[in-house]
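Written below as structure tokens is the structure these notes are about.
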Amino acid sequence: MTRVDAARLQRDLETLGAIGRHPGGGITRTAFSAEDAEARQWYQRECEKAGLDLELDGLGNMFVSIPGASGEVAGVWSGSHLDTVPNGGAYDGALGAVAALECLRRIRELGISTERPVRAVVFSDEEGNYGSLLGSLGLRAGYTAQQLGQLTGRDGDRLVDALAAWPWASGSPAETRLGESALAAFVELHIEQGPKLEASATDIGVVSSIVCLGGARLSFVGQADHAGTTPMLSRSDALVAASDFIARIPELAMAVSPNCVATCGFTHVHPGAANVVPGEVECSLDFRDPDLAVIEKLGRDLEAMARMTAERHGVTLLWAPSVTVPPVPMHGLVQRAVADAADELGLSRTSIASGAGHDSQNMAHLAPTGMIFVPSVGGRSHSPAEFTAWSDVTNGANVLLATVLRLAGRQPVSGRER
Ligand code: HGY
Ligand code: MN
Ligand code: MN
């Protein structure tokens with residue numbers, strides 16, 4: 001069976017893992033940052049070294065192909081992301097992005113012919129600094145110029161400004177939507193980011209479905225005043241209101257559904273000085289459940305609770321919902337191909353649902369889509385503690401290559417193939 005070059009894959013992940021790494025071990029390579037730029041530069045160089053073609057779109061999504069292999073036939077695509085959460089790990093996104101590149105390198109250097117062209121993709125801002133699954137949502141649904149103009153990062157910077165200064169984008173960010181038959185299938189390799197595969201000592205997760213994602217940005221707007229001279233009863237303290245709201249989130253979520261999760265992951269306090277009563281607090285909200293109806297109810301209930309809390313504290317609430325990313329089942333055809341590939345490689349496998357969001361859930365609207373999970377030690381992710389053993393990295397990449405070759409219709413071995 002054709003296999004990936006495991007040593008090269010490991011070297012690549014180590015090289016990439018050094019980009020944006022802090023002395024404490026975590027990696028910060030948030031979308032369109034200097035560290036993301038360094039990672040893209042490295043990726044582009046690897047493509048060039050391997051003799052692969054690289055194209056870009058207006059949101060900075062990267063598309064890699066084997067020269068001469070594109071043509072009219074819809075291809076089989078694989079990929080993931082190079083951006084990380086702040087202080088994240090070395091495998092989330094990186095594994096799938098590098099393994100997809102490795103598949104193309106193997107196909108090219110072994111002279112393997114396939115009926116359908118194979119492509120690798122790097123999606124922009126998967127971690128949603130500016131918008132949840134930004135790049136792949138751009139491929140699935142596209143954004144209007146007005147929507148793009150409203151997107152800001154967690155530091156308050158505007159997406160359009162970040163893109164204007166980004167060398168790895170080409171064309172209009174409002175024209176990234178793909179046509180109906182742009183691709184024939186999509187498959188993404190990813191770490192599980194949870195504890196199930198490790199706990200059951202299973203090599204490979206064949207992903208059955210991906211959770212539904214909801215979110216919002218909200219601001220509690222009160223009044224900034226002198227912390228020494230403003231009596232307690234005369235204040236409109238935005239942080240007291242925001243804290244009251246945030247403290248109630250767990251109870252509300254558990255009342256809506258036993259499966260759902262809801263998180264306020266950041267707050268920004270303005271003006272943010274020890275001797276000023278907080279005048280405004282911005283908060284993020286991220287909520288998830290397998291069921292779209294639950295997400296819609298959570299969105300309504302969280303907004304109602306935020307409004308009531310604001311009113312009680314005499315502050316104003318601004319509520320901006322994010323685009324809901326619906327839950328998606330993974331396609332049976334791709335699940336079958338992944339399962340058969342794992343069997344062929346003699347690896348144990350199980351069916352598993354994803355609680356994390358992935359670009360695959362946007363790609364599933366464009367073509368039959370599936371995902372391959374490999375174990376995460378201790379189930380840790382979005383943390384410097386994220387770790388996957390090299391043997392599992394290699395297993396996952398071999399399953400990815402075999403799956404891609406199945407889906408792309410590998411041609412009988414030619415004389416050229418080594
Ligand atoms: O947030 C998520 O679920 C993913 O890691 N982007
Ligand atoms: Mn992630
Ligand atoms: Mn990821």
Side-chain angles (χ1 to χ4, degrees), residues 13 16-17 20 26-31 33 35-36 39 43 61 78-100 120-138 140 153-154 186-195 205 207 209-217 259-266 284-290 295 322-328 330 352-364 369-376 379-388 393 396 400:
L13 281 165
L16 185 56
I27 296 169
T28 300
R29 216 163 49 223
T30 55
S33 63
E35 294 76 17
D36 188 13
Y43 191 87
N61 292 311
S78 174
S80 198
H81 56 102
L82 295 176
D83 64 311
T84 69
V85 294
N87 206 27
Y91 303 85
D92 176 3
L95 172 60
V98 170
V121 196
V122 172
F123 300 101
S124 289
D125 195 16
E126 193 273 349
E127 297 292 3
N129 184 24
Y130 299 90
S132 187
L133 308 175
L134 181 94
S136 56
L137 188 60
R140 161 163 85 88
R154 63 178 71 76
F186 182 77
V187 56
E188 179 174 3
L189 170 63
H190 208 282
I191 54 168
E192 179 198 344
Q193 305 180 277
V207 178
S209 62
I210 309 179
V211 74
C212 180
L213 307 177
R217 288 282 182 96
N259 298 319
C260 76
V261 289
T263 308
C264 170
F266 75 70
S284 65
L285 273 181
D286 172 310
F287 40 98
R288 307 175 185 213
D289 189 87
I295 290 301
S322 315
V323 176
T324 297
V325 186
V328 286
M330 296 289 91
I352 188 168
S354 175
H358 298 287
D359 293 309
S360 284
Q361 70 201 102
N362 283 320
M363 299 310 284
T369 290
M371 291 191 74
I372 302 159
F373 276 180
V374 288
S376 291
R380 303 293 304 279
S381 186
H382 282 190
S383 139
E386 185 178 281
F387 182 70
T388 291
V393 163
L400 178 68

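Note that ligands are numbered from 1 as they come in the structure, with each ligand's atoms numbered from 1 the same way.
- For atom 4 (C) of ligand 1, the closest non-hydrogen atom on the protein side is G357 O, 3.3 Å.
- Residue H382 approaches the Mn ion (ligand 2) most closely through its N/O/S atom NE2.
- For residue H81, an N/O/S atom approaches the Mn ion (ligand 3) to within less than 2.8 Å.
- Under 4.0 Å from ligand 1, the heavy atoms of H382 that appear belong solely to its side chain.
- In summary, an N, O or S atom of D92 is located under 2.8 Å from the Mn ion (ligand 2).
- Of the protein's non-hydrogen atoms, the one nearest atom 2 (C) of ligand 1 is R288 NH2, 3.3 Å.
- Residue contacts with ligand 1 for H81 are absent, since no atom lies close enough (heavy atoms, distance under 4.0 Å).
- Counting non-hydrogen atoms of neighbouring residues, nucleotides and ligands closer than 6.0 angstrom, the CZ atom of R154 exceeds 12 such neighbours.
- Near A356, meaning under 4.0 Å from one of its heavy atoms, ligand 1 places the atoms 3 (O).
- Between the side chains of H190 and D92, at least one donor N or O sits under 3.5 Å from an acceptor N or O.
- Residues V325 and L137 fail the side-chain proximity criterion, which asks for heavy atoms closer than 4.5 Å.
- When the Mn ion (ligand 2) is compared with the N/O/S atoms of E127, atom OE2 turns out nearest.
- Short contacts between ligand 1 and E126, defined as distances under 4.0 Å to a heavy atom of the residue, involve ligand atoms 4 (C), 6 (N).
- In terms of modelled atom types and a separation under 3.5 Å, the side chain of S354 and the main chain of A356 share a donor-acceptor contact.
- A donor-acceptor contact under 3.5 angstrom links the side chains of E188 and S360, judged on distance only.
- A centroid separation of less than 6.0 Å is found between the aromatic rings of F186 and F123.
- There is a side-chain donor-acceptor pair under 3.5 Å between S381 and E386.
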